[in-house]
Every structure is written in C-alpha cells, then in structure tokens.
Amino acid sequence: MDRRNLLRGAAATAAAGILLPAPHSPAAAAPRAAADFPSAEWIPAAASNRTASTRPTAYPVRYVVVHVTQETYADTLSIFKDPARKVSAHYVVRSSDGHVAQCVQERDIAWHAGNWDYNTRSVGIEHEGWVDRPSYFTHALYERSAALTANVCDRYGIPKDRAHIIGHHEVPGATHTDPGPLWDWTRYIRLVNFA
C-alpha cells in the first residue's frame, strides 16, 4: 500500500469517528463529579438521599460530624446508593487501609446528622466499623480521616477542636451513640492538628 492510500484510509477513519456517534457506555452516561478531597474516590450517593445546595454560600460550614457506620464499607456505600434509604454522608473511610470515598459533594447537604440545622452546617464523615469493636479503628483509618478533617477545616476556617469536630451523639436531638466511647478523641484531634 502506498503512502497516499494509507493517508486516505486514516482520513476516512477519522471522519467516521466525527460523524458517527460514539458507542454507548454506562461509564460515559453518568457525569463524574470532582472529589473535594483530592485523594477521595467519587462514589455518589443517590440524588434522592441528599439536598442540592450552594454551600458555603447558602449555609456556612462550621462543623465536622464524626460517625461510625455500624456496617461494612461496601454495605455503607450500597445504603447510600439506595434511594429508599434516605441517608448519606459526605465521606466514608475504610478501616483496613484508610481509603476515602466521597458520596456527596461538600456544596450539597448530606443527610447524616438527624438534625436539619446540623446537616446544613456540617460535613459528615462515616468510618467503617462498629462502636463496640475498636479493632476497626485502625491506624490507617485515624490517619486518613484526620487528614480529611484537617483539609475540610482548613478550607472552611473551622477550628480544629472538639467544639467543632463532634461526634454524631453530640448533635442536638441525636438518637445515635456513634462514634462511641472507644473512639480515641485525644488521638484524633492531635492527628487533625498535625495533618
């Protein structure tokens, strides 16, 4: 084949790509949001499990609420994806390696605190595990979560103290006990401040 025929074939192939629609792929169908925390994996919660907003313009972000899932990491993500569950958090941190998934963009309101006022003014971080099983509170989980919390606090001007980094049980009207008495707050706040 001579060079002229080769170039004609390449031009025809390129033109076909421009004129013909791209094959449908499920990954291309859903737009991917950029994670607010650079190393987080974007795994979106169902749109019906959050409220679209324009935070911090619509609501100032003043708190980080620490949760423990009472579920596995994978089950938590499945719950957040289920439109019938009516629950979400901005982030989920995996116990084994501290991997962070972002499920709701920070500009939007996640349904995590059980108190609308706190939902509007906080970022919710779920941690894989159970309140009565401290083996889930690994070094990797504490380290990555603290880096995430420090990042959130820095971006919104939230003081890195226990008055602003609170447990779910400290939200007014809360019926939950997480993160529970085995969560090491002293260690966590120290890690947040050194992150």
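All values below were derived from every heavy atom in this structure, side-chain atoms included, with hydrogens, water molecules and symmetry-related copies excluded. Position 1 is the first residue of the sequence, and the numbers go up from there.
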Audit row: V92, Y73, side-chain contact (heavy atoms from CB on, under 4.5 Å) steps and yes/no: CA-CA 7 Å; V92 182; Y73 174 84; 3.6 Å; yes
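- A donor-acceptor pair under 3.5 Å is formed between the side chain of N49 and the backbone N or O of D82.
- In this structure, OG in S39 is found 8.0 Å from CG in L148, a value given to the nearest 0.5 Å.
- Under 3.5 Å, the side chains of H90 and S122 contain no donor-acceptor pair of N or O atoms.
- Under the 4.5 Å side-chain heavy-atom criterion for grouping Ile, Leu, Val, Met, Phe, Trp and Tyr, V68 is connected to L191 within one hydrophobic cluster.
- For the residue pair Q70 / D178, no side-chain donor-acceptor distance below 3.5 Å is found, with atom types taken as modelled.
- Proximity of the aromatic rings of H67 and H127 is defined here by a centroid distance below 6.0 angstrom, and this criterion is not met.
- A salt bridge links D154 with K160: at least one charged nitrogen is closer than 4.0 Å to a carboxylate oxygen.
- The cationic group of R121 lies under 6.0 Å from the six-membered ring centre of Y118 and within 45° of the ring axis, placing it in a cation-pi geometry.
- Residues V65 and I125 are members of separate hydrophobic clusters, defined by side-chain heavy-atom contacts under 4.5 angstrom among Ile, Leu, Val, Met, Phe, Trp and Tyr.
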Can you check side-chain contact (heavy atoms from CB on, under 4.5 Å) on V66 and W185, steps first, answer last? CA-CA 10 Å; V66 173; W185 280 109; 3.8 Å; yes
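- A distance of 8.0 Å separates CG in L77 from CD in E41, rounded to the nearest 0.5 Å.
- Under the 3.5 Å distance criterion, with hydrogens and angles disregarded, a donor-acceptor pair is assigned to the side chains of S145 and Y188.
- Ring pair W183/Y142 is tilted by interplanar angle, where 30° to 60° counts as tilted.
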Do T72 and W130 pass the side-chain contact (heavy atoms from CB on, under 4.5 Å) test, and can you show the C-alpha distance, the side-chain angles, and the key distance before you say yes or no? CA-CA 9 Å; T72 65; W130 283 262; 4.0 Å; yes
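- No donor-acceptor contact under 3.5 angstrom links the side chains of E126 and H112, judged on distance only.
- For the atom pair CD1 of I79 and OG1 of T69, the computed distance is 8.0 Å after rounding to the nearest 0.5 Å.
- Side-chain contact, H139 with R144: no donor N or O sits under 3.5 Å from an acceptor N or O.
- Smallest separation of non-hydrogen atoms from Q102 and Q105: NE2-CA, 3.3 Å.
- No close placement of the H176 and H169 rings is indicated, their centers lying 6.0 Å or farther apart.
- Checked options R55, R50, R155; the residue passing with E106 is R155 (criterion: salt bridge (Lys or Arg N to Asp or Glu O under 4.0 Å)).
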